[in-house]
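Quick note: numbers below take in every heavy atom, side chains included, and nothing from hydrogens, waters or symmetry partners. Convention: sequence-line order gives letters A, B, ...; per-chain numbering from 1.
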Amino acid sequence: MVSSSRMLGLSFGLIVANVATLSAFIPQQNLFLSRRSGQKLAYEINATATSGSSEGLANEARTVVKAFNEPPVKIQSRLEEIQQTIERGENLTQDYCDTTLGLCVAAEQWECVIDVLEQMQKQQMTQERSTFRMCLQQCFEVGNGASALEILQAMEQALIEPQPDDIGLVAAAMCRNNRKESGWWKRALDLLLKNPSPDVPIDAYDAVLACLVDERNWKESIKLLRRLEQPPKNKKRMLPKPTLATYREVIECCVAGNQVEQGVQILDKMKKRGIKPTVYTFEIVISGLARKLQWRRALQLLDTMDEYGVNKTVPIYNTLISACARGKEIGVAKSLLARMKKEGIWPSIITYNSLISSCASAGRWKDAMNLFDQCNRDPHVEPDIYTYTNVIRACSKGKMTERAFTLHDTVLEKNIPLDSYFYAAVIEVAANARQWKRALELLDEMEEKGVPPSDVVYSLTIKACGNGGKWQSALNLLEKMRSKGMRINLITYNAAIAALAKAAKRSAKYPTGRPWRPQEPDSGKICFWVRAIELLDQMKKDNIKPDGFSFSSAISCCGAEGRWQEALALIDLMKKGGPRTQPNRVAFTAAIDACGRSGEHMHALWLFRNMTNNGISADRVAWNTLFHGFRVANKPDLAYELWGEMRKAANTTDRITAMPDHQKPTPDIITVTDVIATLAKSENQVDQDRVDEVFAEAVNRGIIFGSHLDSVWEVDLSGLSLPVARAACRFVVNRTRQKVEDEGEDVKDLHFITGVGAAFGQGQGRKGHASTTADKSSKSQSLRDYVQKEVLLGDLNIKSTIPKLAQGTVTIEREVLAKWIERRQ
DNA sequence: TTAGGGTTAG
């Protein structure tokens, strides 16, 4: 009787706690809840809450209603079973009652708790230690830490001393609450430490550690491990010993907390303590290292696994291979493939896919193809959609357009399940091959096959349209996305603006060396710059912040249409934006170009200075763009001055060798071409002399003639523009004179290769120049004629002949050259 | 437990 009333006391306590929660919502009501009144109350709360009070109250009311729902079927049937047993006059077993009670407590079905307790009382059954234990067990099963804690309190009230197992159960139950509500681990740990015993199951501590993994709290986990490892000095052990699982949790915690190195150290510690890690333990650390691309360190662990005698697995190798692959260590990755095969661990399709993917992204398409062949020969694996996607990407890099399309057909034939990644790869091939029609067809095919196009697919299709000059289709695709209710993201918008920029440039047909005057917006022609700005507005409406890409493409639309003022305004807009839209090098360069092409060389120069003053160093493209502006505006003095400045920058910039080539502020053939063209146009003799000076410097730097400077008897002029070719001829004949006079070399035939078809339209001249459309062979012929007539006969007054067979080559015969040298003396 | 994507400037 006594213990029965104690148990009733416990259940009252729990119910009172619940009423307290409820009365927080309805303070005026103070109720003892019978099942019926509870339901009624819940109904009332729900009614008042949904009839217009706050959202928060409504939600809480719903929770309460849920709490008063009918007990789960499992409990109900158990209650019925108890009822029937008593009706039949049979005896209930303790265990059955304990379990039922536990289920009720865990489910917070307090009415049922009372029912069971009443039945137990009728049966003269008391609440044993087993009753409490079962309640705790059930609370643990469903992860009800709060009820478990209350049971623990009830035990104390009932003067039943909790055992280490009970403490462990409560703590573990509490930890299960941590996912929903952070902080439970701390309470659980407090409980464990307040009841120290080496007999508390280590699982309870492991449960705390698992919470710490979720919270990436590596510091706390290491602290706890230390506590478990070593009892305080000269004292006997008060906490359970850490096990393999404990160490694993701590390691996982370190890795989750981005402290992989800590994880490795703990792995070492395990060795000292004689605990053998499992494959899984290694996997956590290896994948952690892999994520940080520390493949070397990960490789060491592979050897450690051998030392421990832990079997390596395919996923371990795959993780490592992909780490190497992402770290651009394709050689190492391939050697790992060989190593695993040698060890009898057969590569899976994932292994091949990782490797092929890395080759594809590194542009090593030959390696990718090789691996694809290996994969096809390997009877253990079957290429899947990943494989084909990556091989197609490799083809794309290798410009093997047709091969990629054939692979696409193969996938369809093989009925391999398709996805949007696959189509993205194929469409990218079409985009790079300027096959906009095909890209659109592929998009249709996707829809036909029931593969929903992703935003990436749309971006790439838009890029394909842009590359094909189909800006209208690009904009249509944007509309299509919108009508489908897809959110158009930054990159997709950027692809569309880029499409406009490309179309603008294509239709611009810049004049060389002359200012370009704008079309007025209302002149009936399409204004790309207007559309680009419209898109920027659209982005704003969609709450998407344009970035450097968006702006620089819009600026180059302006540049192509002579809208230099609008370009300046966009730069200004960028400056006013957030840190992510601050004008970068590309945006500045595009604006410099816009001004420069419009003959606004001072604005171009101002932008250039403004850029460097803002801490953005000029790269080669920026310099060249400014030079081009000076050329358009016919400013030989400024061009020469800037040339000097650029040489200085090229000589003084630190760590220049560490820069990617295009970032270096060193002059290239384009720089030299623009500087020389600008100087050569001047009537001034000083400028004419500067042409030769600049040219000599260009040769010194290896910009012209490359490493073939020594073979002055055969000089390649192909790819040089007319003014540069003229300077080149002067330079070469003077050089030969030096060779003969100063160095005593014999005079030989001097050949100028002017190239067949290679002189104009490709190397020389900008995209969009009129020369690209001209017949190449006739152009190269003109360089040949130019060298012959204008330079040799005109400038240098050397009479030479054009051999019949060696088309494109102008030869000065040795006798002619010898006479010329003599005359010069 | 392990594998995949897109945008810019001379």
Side-chain angles (χ1 to χ4, degrees), chain A residues 252 278-284 286-287 290 313-323 325-326 347-358 360-361 384-393 396 419-428 431 454-464 466-467 474 489-499 501-502 505 510 546-557 559-560 584-594 596-597 618-629 631 662 668-671 673-674 765-768:
Chain A
E252 205 165 345
T278 61
V279 197
Y280 187 49
T281 323
F282 276 103
E283 211 161 81
I284 296 163
I286 288 180
S287 66
T313 58
V314 181
I316 291 253
Y317 268 108
N318 287 351
T319 308
L320 261 169
I321 286 175
S322 86
R326 271 179 293 131
S348 68
I349 189 63
I350 294 180
T351 320
Y352 285 108
N353 290 347
S354 303
L355 272 163
I356 294 174
S357 150
S358 67
S361 50
D384 63 6
I385 195 71
Y386 282 76
T387 323
Y388 281 97
T389 305
N390 286 322
V391 174
I392 287 171
R393 273 196 208 118
S396 175
D419 65 12
S420 75
Y421 286 79
F422 169 70
Y423 275 103
V426 190
I427 290 176
E428 192 171 23
S454 62
D455 47 358
V456 176
V457 167
Y458 273 108
S459 296
L460 286 164
T461 317
I462 288 171
K463 182 186 170 190
N467 284 352
N489 69 25
L490 178 64
I491 295 181
T492 315
Y493 266 120
N494 286 352
I497 304 176
K502 276 182 188 143
K505 242 178 273 172
Y510 306 118
D547 67 353
F549 285 81
S550 338
F551 276 109
S552 49
S553 297
I555 292 172
S556 65
C557 283
N584 62 6
R585 189 180 286 140
V586 179
F588 268 117
T589 307
I592 292 168
D593 193 39
R597 285 188 189 285
D619 69 348
R620 182 181 300 151
V621 179
W623 284 101
N624 287 356
T625 309
L626 186 58
F627 276 118
H628 186 249
R631 178 177 174 184
H662 66 277
D668 66 351
I669 184 66
I670 297 172
T671 325
T673 303
D674 270 336
R766 284 175 181 77
K767 286 171 210 157

Next on the checklist: Closest approach to the side chain of Ala498(A), judged atom by atom: which nucleotide of dG10(B), dT7(B), dA3(B) is it?
Outcome noted: dT7(B)
Item to check | Per Lys505(A) side chain, nearest of listed nucleotides dT7(B), dA9(B), dA3(B) | outcome: dA9(B)
Checklist entry - Any idea which of dT7(B), dT8(B), dG10(B) is nearest the Arg597(A) side chain? => result dG10(B)
Item to check | Nucleotide nearest Lys502(A) (side chain, heavy atoms from C-beta), chosen from dG4(B), dT8(B), dG10(B) | outcome: dT8(B)
Checklist entry - Is Ser454(A) touching bases, backbone alone, or none of the nucleic acid, heavy atoms closer than 4.0 Å? => result base
Checklist entry - Between the base of dG6(B) and the side chain of Ser459(A), is there a donor-acceptor distance below 3.5 Å? => result yes
Next on the checklist: Just to be sure I understand the rule, does Asp668(A) reach a base, reach only the sugar-phosphate, or reach nothing, if contact means heavy atoms closer than 4.0 Å?
Outcome noted: base
Next on the checklist: Looking only at the side chains, is there a donor atom on one of Asn390(A) and Asn353(A) sitting less than 3.5 Å from an acceptor on the other?
Outcome noted: no
Item to check | d(OH, Tyr352(A); P, dG4(B)) in whole Å | outcome: 18 Å
Checklist entry - Considering only heavy atoms and no angle criterion, is a donor-acceptor pair shorter than 3.5 Å present between the side chain of Tyr421(A) and the base of dG4(B)? => result no
Next on the checklist: The side chain of Asn353(A) is closest to which nucleotide in this list: dA3(B), dT8(B), dG6(B)?
Outcome noted: dA3(B)
Checklist entry - Heavy atoms under 4.0 Å, any strand shown: does Asp547(A) hit a base, just sugar-phosphate, or nothing? => result nothing
Checklist entry - Between Thr319(A) and Pro315(A), is there a donor-acceptor pair closer than 3.5 Å when you use the side chain of the first and the backbone of the second? => result yes
Checklist entry - Ser354(A) near the nucleic acid: base, sugar-phosphate alone, or nothing, with a heavy-atom cut-off under 4.0 Å? => result sugar-phosphate
Checklist entry - Contact class for Thr387(A) vs. all strands (heavy atom < 4.0 Å): base, sugar-phosphate, or nothing? => result nothing
Checklist outcome for this item: Here the distance between atom P of dA3(B) and atom CD1 of Ile392(A), to the nearest Å, is 21 Å
Item to check | Side chain of Val621(A) (C-beta onward), nearest among dA3(B), dG6(B), dA9(B) | outcome: dA9(B)
Checklist entry - Any N or O donor-acceptor pair linking the side chain of Asp674(A) to the base of dG10(B) at under 3.5 Å? => result no
Next on the checklist: I'd like to know if Thr389(A) reaches the base of dG5(B) with its side chain such that a donor and an acceptor end up less than 3.5 angstrom apart.
Outcome noted: no
Next on the checklist: Strictly distance-based, threshold 3.5 Å: is any side-chain N or O of Ser550(A) a donor or acceptor partner for the main-chain N or O of Asp547(A)?
Outcome noted: yes
Checklist entry - How many Å lie between CZ on Phe282(A) and C1' on dT1(B), as a whole number? => result 15 Å
Checklist entry - Taking atom C1' of dT7(B) as reference, at what distance in whole Å does atom OH of Tyr458(A) sit? => result 18 Å
Next on the checklist: Mind checking if Tyr280(A) touches a base, just sugar-phosphate, or nothing, with heavy atoms under 4.0 Å?
Outcome noted: nothing
Item to check | dG6(B) phosphate, OP1 or OP2, under 4.0 Å from Lys463(A) side-chain N/O | outcome: no
Checklist entry - Taking the side chain as C-beta and beyond, is there a heavy-atom pair between Ile356(A) and Arg393(A) under 4.5 Å? => result no
Checklist entry - Do Asp619(A) and dG10(B) share a donor-acceptor pair, side chain to base, under 3.5 Å? => result no
Next on the checklist: Rounding to an integer number of Å, can you tell me how far Ile356(A) CD1 sits from dG5(B) P?
Outcome noted: 14 Å
Checklist outcome for this item: Separation of dT7(B) atom P from Tyr493(A) atom OH, nearest Å, is 19 Å
Checklist entry - Roughly, in whole Å, what's the span from CG in Leu355(A) to C1' in dG4(B)? => result 14 Å
Next on the checklist: How many whole angstroms separate atom CG of Asn318(A) from atom P of dT1(B)?
Outcome noted: 15 Å
Checklist entry - Which is true for Val279(A) with a 4.0 Å heavy-atom rule: it touches a base, it touches only sugar-phosphate, or it touches nothing? => result nothing
Checklist entry - Side chain of Thr625(A): nearest nucleotide among dG10(B), dA3(B), dT8(B)? => result dG10(B)
Next on the checklist: For the residue pair Thr492(A) / Ser459(A), report whether a side-chain donor-acceptor contact shorter than 3.5 Å exists.
Outcome noted: yes
Next on the checklist: Heavy atoms from C-beta onward define the side chain here; which of dG6(B), dG4(B), dA3(B) lies closest to that of Leu460(A)?
Outcome noted: dG6(B)
Checklist entry - Contact class for Asn584(A) (heavy atom, under 4.0 Å): base, sugar-phosphate, or nothing? => result nothing
Checklist entry - Is the backbone of Ile350(A) close enough, under 3.5 Å, to the side chain of Asn318(A) for a donor and an acceptor to pair up by distance? => result no
Next on the checklist: Starting the side chain at C-beta, find the nucleotide from dG5(B), dT2(B), dA9(B) nearest to Ile350(A).
Outcome noted: dT2(B)
Next on the checklist: I'd like to know if Thr492(A) reaches the base of dG6(B) with its side chain, counting only an N/O donor and acceptor under 3.5 Å.
Outcome noted: yes
Next on the checklist: Are Phe422(A) and Asp419(A) packed together at the side-chain level, in the sense that at least one heavy-atom pair is separated by less than 4.5 angstrom?
Outcome noted: yes
